[in-house]
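These values consider heavy atoms only, across backbone and side chains, with no hydrogens, waters or symmetry-generated copies. The chains referred to below are lettered A, B, ... by the order of the sequence lines, with proteins before strands, and numbering in each begins at 1.
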Protein chains: 4
Amino acid sequence: MTGRARRREPRQERSRAMVERIVAAAREVLVARGYDGTSTNRIAAAAGVSPGSLYQYFPDKDAVLTEVLDRYLDAMEARVSRAFLDSVATAAPGPGTAAAVRGTLQALLDTFAAEPDLLRVIVEQLPRSPGGRRAAFAGRIDDLVTTVLLTRGAPGTEPARAMAWTVVRTVEHLTTGYVLERPGFPREVVVDELTALVAGYLDARLSGGRVASDGPS
Amino acid sequence: MTGRARRREPRQERSRAMVERIVAAAREVLVARGYDGTSTNRIAAAAGVSPGSLYQYFPDKDAVLTEVLDRYLDAMEARVSRAFLDSVATAAPGPGTAAAVRGTLQALLDTFAAEPDLLRVIVEQLPRSPGGRRAAFAGRIDDLVTTVLLTRGAPGTEPARAMAWTVVRTVEHLTTGYVLERPGFPREVVVDELTALVAGYLDARLSGGRVASDGPS
Amino acid sequence: MTGRARRREPRQERSRAMVERIVAAAREVLVARGYDGTSTNRIAAAAGVSPGSLYQYFPDKDAVLTEVLDRYLDAMEARVSRAFLDSVATAAPGPGTAAAVRGTLQALLDTFAAEPDLLRVIVEQLPRSPGGRRAAFAGRIDDLVTTVLLTRGAPGTEPARAMAWTVVRTVEHLTTGYVLERPGFPREVVVDELTALVAGYLDARLSGGRVASDGPS
Amino acid sequence: MTGRARRREPRQERSRAMVERIVAAAREVLVARGYDGTSTNRIAAAAGVSPGSLYQYFPDKDAVLTEVLDRYLDAMEARVSRAFLDSVATAAPGPGTAAAVRGTLQALLDTFAAEPDLLRVIVEQLPRSPGGRRAAFAGRIDDLVTTVLLTRGAPGTEPARAMAWTVVRTVEHLTTGYVLERPGFPREVVVDELTALVAGYLDARLSGGRVASDGPS
DNA sequence: TATGAATGAGCTTTCATTCAT
DNA sequence: GATGAATGAAAGCTCATTCAT
């Protein structure tokens, strides 16, 4: 999982089908047997394909897992972007921050909870490489949020980037954390707390407030 | 890394020394070659010890890595607790939230930045098991923060737990994330943003404010 | 040598060849270096094959040795059955017992003496598990002899089974014992003694004689 | 278990005690964990002794197991000899063969059944070396029986040796076989069958009868 | 003498990868 | 292209044996 290996782009229809089978099989094996139990031979067997064929389409084991991760992240990105933009569009610019945040959170929790087993393997077992797929994913979400924040009154690009970075990671980790940890309180509580956390922050920062120092100076 | 295996308690001074060498070697190999490159033979060689000796002190490979992780987490816990309690003690109960948060953040960033390579391997490569060492670590920090929140006016135990869970994970992930990602803005910016995020949230929630709903109720 | 593991059934001609090479190599190593000196690596090397290939055809070390043993026992069983049935068929029902026994013994001694080195390792070094291959082998011979005894006037099934058990083990152990121990007297002597032992017993028991008690009843 | 290694003869009382503890521990480990589970470290631990001390008294692992076997065989030999001689002494020279055989068999079955677990490990798992302890044991019993047979009318030394060899192995294997196999018939049946087998043979051979040929010549 | 820490060769087994068919 | 047999390095771990204390 160095993240550098890429699969070859298949041209034929037949090829596409094989790639699909292999990726699907890899995902299944990953969920069923964990990262350590996922060998190329097992993936090939689960795909009903020979090990040699697997290497026709992927340069190495890493590339297969990277592809699984990529697809997961692509799906996430599509859903997250849509949920975020929808929530933002629906909510009034000023007082609607909380509603927008809340809507996004609900959508995220739905999304993550849909496939918790795969989420678990990805978060808990897949080695993540610096500058790898996950970083790029988060970076794109950062950009999206940055853009919106700028339209909502963020005081400049740099502050907007910092705010986006802060908010995106907070929401990402706490929503996945809730799904995976299943702490002792109901989902609505996380939604409430996270909404308070994030919306309060954004409201304060977008209404021109300087960063909170140690009390009113 | 099931986290269940423990090493035998060494009795002799000599034994302690061997355990130290092995654990130190394991840490080095881990940092130098990554999780997948860390074999028992390599650890033993790095420790200047035979493979058999390693198994005299640790029941299996897992136990060695668990020990490395444990020591890291223990050190973290000590520092984090102390930083948190110091910051809390110094700050005035009401308006001092931001100061307390800021102080804790500074200490955390110092701590994590001290050994970034080890932090990276632990965060990015060590498989985390649910209910494992890291979960227990976070749980203890949760308890600590919960306690303080209750003395600071949290409206009951359950809300305090939810707030603690929220705040602890936020701070944990964003501080480590900053150290590992090295995004394009300076450290003081993260501190400012995180302070605004967390202190704003706590102030709102501790001053009796109900969770922000969609607009002014 | 738990005896439970079986090898996969080879489909290709090529596969059969590999299995043959591995089994042959295992037999050689077993004879040359004894049970304790027989490692999977050594077997693979002797077969001119990689360790990995061995495991393509056999689930574990045990299965290889079990296969060697199975083949030996199968060959034995075929020969022993045929020799026994031939000798029985040739001999007259009543007075021919001695001839039948003698014929069987000659065949057995020929058979065991043909590969004394392998016989030695199997008898002296291969661990035998109760209910394992060897027990099953003996059981099948028991059945065969029981059947013949019943046609020769044995007084009921239970007595026949007991007689068969007695005779089969006697003959098995003394013939192999003679081949392996090479005691100081010639082969014809063992044949004579064993013929007297077994034929006398069978004649007495089959002619309606009750078990010899202490003195003349 | 090459059978060539011998332990040093201990001179001190202290030494004797250690040897005793080690041998006893070896026997226990052997019974409890089988041959493969019997390591020198485990024996030493079970004996409450250090591995180093074990090597003070035994040149290698083999010597320890050989000592266990030796003691077992010595005990067997004592019992077997006594049982045999008692039975022979009690029985009348001519017609008493069956009684003598029966008495010996009863004693043997009692003896073997007393410690079936140890017997099983020794018979089924301990590698036997040609010309090793067991061969010597059997040889001494052979001598004993040969002697008695000569006093009972055996036609010369060579025939007596052959008869003894035949009878001793038969009785040894069938009695241990009965104890270990536990076939489906009661003990008295084996005793009856074996008595018929052996006594019939001896009576025939001792009364001057030539070896049974193919029917009356 | 007794200890027990230390050794290190060697074991069984796995698996990413290759290549002849 | 597709196959799957074959590879072989390397993994985790054990254990008979040694030797400094």
Side-chain angles (χ1 to χ4, degrees), chain A residues 10-12 14-15 18 36-45 48-64, chain B residues 10-15 17-19 36-45 47-64, chain C residues 8 10-15 17-19 36-45 47-64, chain D residues 10 12 14-15 18 36-45 48-64:
Chain A
R11 309 258 170 66
Q12 321 283 339
R14 201 140 144 66
S15 304
M18 288 220 67
D36 283 347
T38 300
S39 69
T40 50
N41 285 342
R42 261 203 284 246
I43 293 171
V49 149
S50 69
S53 290
L54 188 151
Y55 280 85
Q56 197 89 44
Y57 294 100
F58 297 88
D60 56 20
K61 183 191 179 184
D62 233 47
V64 184
Chain B
R11 307 258 172 66
Q12 322 282 338
E13 210 33 65
R14 208 138 146 61
S15 302
M18 276 240 74
V19 169
D36 283 346
T38 300
S39 70
T40 50
N41 282 349
R42 220 119 61 179
I43 294 172
V49 147
S50 69
S53 288
L54 188 152
Y55 284 88
Q56 199 118 49
Y57 295 98
F58 297 90
D60 54 23
K61 184 191 178 184
D62 230 50
V64 184
Chain C
R8 310 191 205 153
R11 307 258 171 66
Q12 321 284 338
E13 210 32 65
R14 208 140 146 62
S15 301
M18 276 238 76
V19 169
D36 284 345
T38 301
S39 71
T40 50
N41 281 348
R42 218 112 71 173
I43 294 171
V49 146
S50 69
S53 288
L54 188 152
Y55 282 87
Q56 199 118 47
Y57 295 99
F58 297 89
D60 55 22
K61 184 191 178 183
D62 230 50
V64 184
Chain D
Q12 322 283 338
R14 200 141 145 65
S15 303
M18 288 220 66
D36 283 347
T38 300
S39 69
T40 50
N41 286 341
R42 243 169 339 221
I43 293 172
V49 149
S50 68
S53 290
L54 188 151
Y55 281 85
Q56 198 89 44
Y57 294 99
F58 297 89
D60 56 21
K61 184 190 178 185
D62 233 47
V64 184

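- Per the geometry, NZ belonging to A/K61 stands 9 Å off P belonging to E/dT17, to the nearest Å.
- Taking atom CG on A/D36 and atom C1' on E/dA16, their separation rounds to 15 Å, with Å as the unit.
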query = Pairs counted as Watson-Crick or G-U wobble with both distances under 3.5 Å: what dot-bracket string results for DNA chain F, using | for bases tied to another strand?
reply = .||||||||||||||||||||
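- Distances shorter than 4.0 Å separate some side-chain N or O of C/S53 from OP1 or OP2 on F/dT7.
- Ranking F/dT3, E/dT14, F/dT14 by closeness to the C/Y55 side chain, first place goes to E/dT14.
- Residue A/S50 places none of its side-chain N or O atoms closer than 4.0 Å to OP1 or OP2 of F/dG4.
- Taking for each of B/G52 and A/S39 the nucleotide of DNA chain E with the nearest heavy atom, the 5'-most of the two is the partner of B/G52.
- Between A/Q56 and the phosphate of F/dG1, there is a side-chain N or O to OP1/OP2 separation shorter than 4.0 Å.
- Taking atom CG of A/L54 as the reference point, atom C1' of E/dC19 lies 16 Å away to the nearest angstrom.
- Here the side chain of A/P51 is nearest to one of F/dT18, F/dG4, E/dT12, namely F/dG4.
- Here F/dA16 is the nucleotide among F/dA16, F/dT3, E/dT3 with the atom lying nearest to any side-chain atom of D/N41.
- Listed candidates were E/dA5, F/dA2, E/dT14. Nearest to the side chain of B/Y57 is E/dA5.
- Between the OG atom in D/S15 and the CE atom in D/M18 there is a gap of 8.5 Å [rounded to 0.5 Å].
- The phosphate of F/dA16 (OP1 or OP2) has a side-chain N or O of D/T40 nearer than 4.0 angstrom.
- One interatomic measurement links the two molecules: CE of D/M18 to P of E/dT1, which rounds to 12 Å at whole-angstrom precision.
- In terms of heavy-atom proximity, A/L54 sits nearest to A/T40 at CD1-O, 3.8 Å.
- Taking the nucleotide of DNA chain F with the nearest heavy atom to each of C/G48 and B/R42, the more 5' of the two is matched to C/G48.
- Closest of all the heavy-atom pairs between A/S53 and A/V49 is CB-CG1, 3.4 Å.
- Atom CZ of B/F58 is separated from atom C1' of F/dT14 by 18 Å (rounded to the nearest Å).
- In this structure, B/F58 and B/V19 have side chains that are in contact, with non-hydrogen atoms separated by less than 4.5 Å.
- For A/I43 and E/dC15, the CD1 to P distance is 11 Å, given to the nearest whole Å.
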